Amino acid sequence: MPISPESCCGPCNNAARKTIAAYEQALETHVVEVDEWIAGGQHGACPPAPEEPSVDPTPGEPIFCGRCKGLIRAALLDLDVLASELAARSDGHRGSIQEGRVSGSRGSASPSPTADALDKLYGFLADVEDEWRGACGYAPRINRTHRGAHPRSRTIGWLSEHLNNLLADEDHIKSGLDILRWETVLRALAKEEPVGSVSPIRCPRCATLRQVVREQEHHWACRSCGRLIPDWEERELRDKQGRELEHRENDLVSGAV
Ligand SMILES: [Zn+2]
Ligand SMILES: [Zn+2]
């Protein structure tokens, strides 16, 4: 939701939104206090009005700011990875991994919460693609895909190609925010790190160790320097730094001999 017509609708303005909501709450409380003061015969000074906070929301470009657009793009690509992982996992539970075929939850005898969520995710993504194709006058969505490619991956690919224009359309503010929400849902299903948990990585900016914490569902932040790290980057760094550590340990071992 925009704070003003020019402000970014994304999570960067969550703090500003909270500040404004708190101020509006304080205004309501103040009205009650003044009513009580009047009803009580106006003894003493009138309760002071809350001070208007100065908020400086990030502007949208034109709807989401560059950083939030990046977060949404990273979340969209994450959905593909997370959904494939979850699908593979839930297939594993059923013990029915089929070569060259991607798990469909439809027709499964015992629908799991994961399969259910993945169905709904695909429905959401396909709806956004259909709407955007309709809005732009493009040909309808093609469901047939190459062998092995899931329609979900194809739709995510299509959406990521059109994401910049989509996120500049005010009818699709919710689509952008829903992409972020879906990532949260899939992460919860995958039981990934909750908010506040510490990542083992070294901060890519200040190189401090164990200061990168999950700040929000789709990104991390360094407690030392404030650097924001989207999920995909955190995962890359985790992988890269993990391999470097392995090398160092191997060097140490071989050096000690
Ligand atoms: Zn923003
Ligand atoms: Zn840092």
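Model, not experiment: these values are computed from the prediction. Start at 1 and go down the list; that is how both ligands and their atoms are numbered. Nothing fancy with the numbering, it's 1 onward along the sequence.
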N, O or S from Cys9 under 2.8 Å to the Zn ion (ligand 1): no
Salt-bridge present (Glu236, Lys240; N to O < 4.0 Å): no
Check: Thr184 and Gln216 side chains under 4.5 Å, non-hydrogen atoms: no
Angle at the Zn ion (ligand 2) (to 10°), with one arm to SG of Cys206 and the other to SG of Cys203: 110°
Angle subtended at the Zn ion (ligand 1) by Cys8 SG and Cys65 SG, rounded to 10 degrees: 120°
Common cluster, Phe124/Leu180, ILVMFWY with side-chain heavy-atom separation under 4.5 Å: yes
Three-point angle Cys12:SG, the Zn ion (ligand 1), Cys68:SG, rounded to the nearest 10°: 110°
Verify same cluster id: Leu237, Val81 (apolar side-chain graph, 4.5 Å): no
